[in-house]
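Remember, predicted model here, so these are calculated numbers, not experimental data. Keep in mind that the numbers below use all heavy atoms, side chains included, and drop hydrogens, waters and symmetry copies.
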Amino acid sequence: MTSDVMPRTANQPYAGNMYQRHRIQFPPTDANDLEQDEVTFRVVEGAHSLELRFHDYDKIYQRPGLYEQVFYERLKCTSPKKVAEILKCTLDASDQNFTEMRVLDLGAGNGMMGEILKSHGIARLIGADIIPEAKEACYRDRPGVYDEYYVADFTNLQPALAEELSDWSIDCLTSVAALGFGDIPPKAFFQALQFVADGGWVAFNIKETFLDKSDTSGFSRFIRELIFSEYLGIHHIERYRHRLSMEGAPLYYFALVAQKTKQIPSDFLEYNQFES
């Protein structure tokens, strides 16, 4: 079964034209009480099986096609397509030329969001992720999608890299299925926002509970404070089905597109005492 291949379809951006099939097993026990980053599955490789968490991206990306097979084929994830779609519609409605955007894709992973943005004719596309396995998978599966791809910790950027990112004159930031759960903490997302020019755009998605005041986590409070602040103007917010759970239940997220109205003060995080 591991030698089987499946052709890429028009509706699902699988890696390359063909991708390796993996034997995956979802646990028979109910995982509804687990956080999304705590859920596990197994990959059967010959006589052995390996248990992986959904957020073990380094190990998942090392296996060509595994990420696509789990999240897009089995769990029907729609987020890259949804966020790219509402970003383009918002920019078109605002008389902005989508093809002239210079986009920083934060938490780019193996390039699924970048591939969709590239298909819309984005002028410049820069990827960034904290793990080298993401860049390696992207270059393996989607070569040529990004003009540059940085492996960097945005909570602690080196001055030379920060200057290089500034030189791209970024006017749009995207981040899909990467915010929260410790993957991209508030400080990293805030730093990425600082590279976006005033009047530039931000498109991202978040778990629906992050907008609920009952969620008192630092990331949730940061997002609520930010999107309702004077620094971002919300143009589009939409609740949609992000993907299915392992039990087949819909998991809902919000997709947002906002315009950066002015520079965010450097002490925004410190003043509001957000924690990752």
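- Here L165 contributes atom CG and Q194 contributes atom CD; the two are 13.0 Å apart, rounded to the nearest 0.5 Å.
- Residues G144 and K118 approach most closely at O-CE, 3.9 Å, considering heavy atoms.
- A search for side chain to side chain contact (heavy atoms under 4.5 Å, CB included) contacts involving D95 returns nothing, not counting sequence neighbours.
- Scanning for salt bridge (charged side-chain N to carboxylate O under 4.0 Å, His left out) contacts around K262 gives E230, with sequence neighbours left out.
- Nearest heavy-atom pair, T40 versus E51, reported as atom, atom and distance to 0.1 Å: OG1-OE2, 3.7 Å.
- By the criterion of side-chain heavy atoms lying less than 4.5 angstrom apart, applied directly or through intervening Ile, Leu, Val, Met, Phe, Trp or Tyr residues, V83 is grouped together with V145 in one hydrophobic cluster.
- Taking the side chain as every heavy atom from C-beta outward, K82 and Y253 never approach each other to under 4.5 Å.
- Nearest heavy atom pair, residue L117 against residue I122, reads O-CG1, 3.3 Å.
- The closest side-chain heavy-atom distance from L256 to F204 is below 4.5 Å.
- K88 meets the side chain to side chain donor-acceptor pair (under 3.5 Å) test with D92; sequence neighbours excluded.
- The aromatic rings of Y67 and Y72 are tilted relative to each other, their planes meeting at an angle between 30° and 60°.
- We find the CG-CD1 distance between L104 and I170 to be 4.5 Å, quoted to the nearest 0.5 Å.
- A donor-acceptor pair under 3.5 Å is absent between the side-chain atoms of S94 and the main chain of L91, judged by distance alone.
- Note: the hydrophobic cluster containing I126 does not contain V151 (ILVMFWY, side chain heavy atoms under 4.5 Å, direct or indirect links).
- Put simply, V257 and I237 are part of two different groups of oily side chains (I, L, V, M, F, W, Y) that touch within less than 4.5 Å, one to the next.
- By the 4.5 Å heavy-atom criterion applied to side chains, H55 and Y57 are counted as neighbours.
- Scanning for ring-ring contact (aromatic ring centres under 6.0 Å, His included) contacts around F254 gives an empty result, with sequence neighbours left out.
- Looking at residues two or more places apart in sequence or on another chain, you find a side chain to side chain contact (heavy atoms under 4.5 Å, CB included) between R241 and K76, T78, L244, P250, Y252.
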Q. Can F195 and L157 be said to form a side chain to side chain contact (heavy atoms under 4.5 Å, CB included), step by step?
A. CA-CA 12 Å; F195 291 113; L157 282 181; 3.6 Å; yes

Q.
Before you tell me yes or no, could you show the steps for E164 and Y150 under side chain to side chain contact (heavy atoms under 4.5 Å, CB included), namely the whole-Å CA-CA distance, both residues' side-chain angles and the distance that decides it to 0.1 Å?
A. CA-CA 10 Å; E164 187 172 341; Y150 297 101; 2.7 Å; yes

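- For Q62, there are no side chain to side chain donor-acceptor pair (under 3.5 Å) partners two or more places apart in sequence or in a different chain.
- Here the closest heavy-atom approach between residue Q69 and residue E73 is recorded as O-CB, 3.3 Å.
- Here S175 contributes atom OG and D105 contributes atom CG; the two are 7.0 Å apart, rounded to the nearest 0.5 Å.
- Atom CZ of residue F54 and atom CE of residue M246 lie 5.0 Å apart, to the nearest 0.5 angstrom.
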Donor-acceptor pairs under 3.5 Å, side chain of residues 127-139 to any protein atom, not counting sequence neighbours: which ones?
unit_1, atom_1, unit_2, atom_2, d
D129, OD1, I131, N, 3.4
D129, OD2, A108, N, 3.4
D129, OD2, G109, N, 2.9
K135, NZ, Y149, O, 3.3

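- The ring of F190 has its center no closer than 6.0 angstrom to the ring center of F222.
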Q: Could you please spell out the steps behind the side chain to side chain contact (heavy atoms under 4.5 Å, CB included) verdict for Q191 and T155?
A: CA-CA 7 Å; Q191 177 61 73; T155 67; over 6 Å; no

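- Residues satisfying the side chain to side chain contact (heavy atoms under 4.5 Å, CB included) test with R124, not counting sequence neighbours, are R102, D147, W168.
- The minimum heavy-atom distance linking P80 with V176 is given by the pair N-CG1, 3.8 Å.
- With Y61 as the partner, the side chain to side chain contact (heavy atoms under 4.5 Å, CB included) test is satisfied by one option alone out of L66, D56, N110: N110.
- For residues 96-128, the ring pair (Phe, Tyr, Trp, His ring centres under 6.0 Å) pairs, not counting sequence neighbours, are F98-H120.
- Using a 4.5 Å heavy-atom cutoff, the side chains of C89 and H236 are not in contact.
- N156 pairs by the side chain to side chain contact (heavy atoms under 4.5 Å, CB included) definition with D153, Q158, not counting sequence neighbours.
- The list of side-chain hydrogen bond (donor to acceptor under 3.5 Å, both in side chains) pairs with a residue in residues 197-206, not counting sequence neighbours, reads S79-N205, N205-Y240.
- Atom CZ of R221 and atom CD1 of I223 lie 12.0 Å apart (nearest 0.5 Å).
- The one candidate from V196, L193, L269 that meets the side chain to side chain contact (heavy atoms under 4.5 Å, CB included) condition with I264 is L193.
- Under a hydrophobic-cluster definition in which Ile, Leu, Val, Met, Phe, Trp and Tyr are linked whenever side-chain heavy atoms come within less than 4.5 Å, directly or via other members, Y146 and F154 are assigned to different clusters.
- Taking the side chain as every heavy atom from C-beta outward, Q96 and D171 never approach each other to under 4.5 Å.
- Counting heavy atoms from C-beta outward, K260 and L232 have side chains that approach closer than 4.5 Å.
- Here the CZ atom belonging to R53 is positioned 9.0 Å from the CD1 atom belonging to I60, to the nearest 0.5 angstrom.
- Taking the charged nitrogens against the carboxylate oxygens, R142 and E68 do have a contact shorter than 4.0 Å, which makes a salt bridge.
- Across H22 and P64, no two heavy atoms sit closer than the pair NE2-O, 2.8 Å.
- Partners of E100 according to the salt bridge (charged side-chain N to carboxylate O under 4.0 Å, His left out) rule, which considers only residues two or more places apart in sequence or in another chain, do not exist here.
- Hydrophobic clustering (side-chain heavy atoms under 4.5 Å, transitive across Ile, Leu, Val, Met, Phe, Trp, Tyr) keeps L173 apart from M113.
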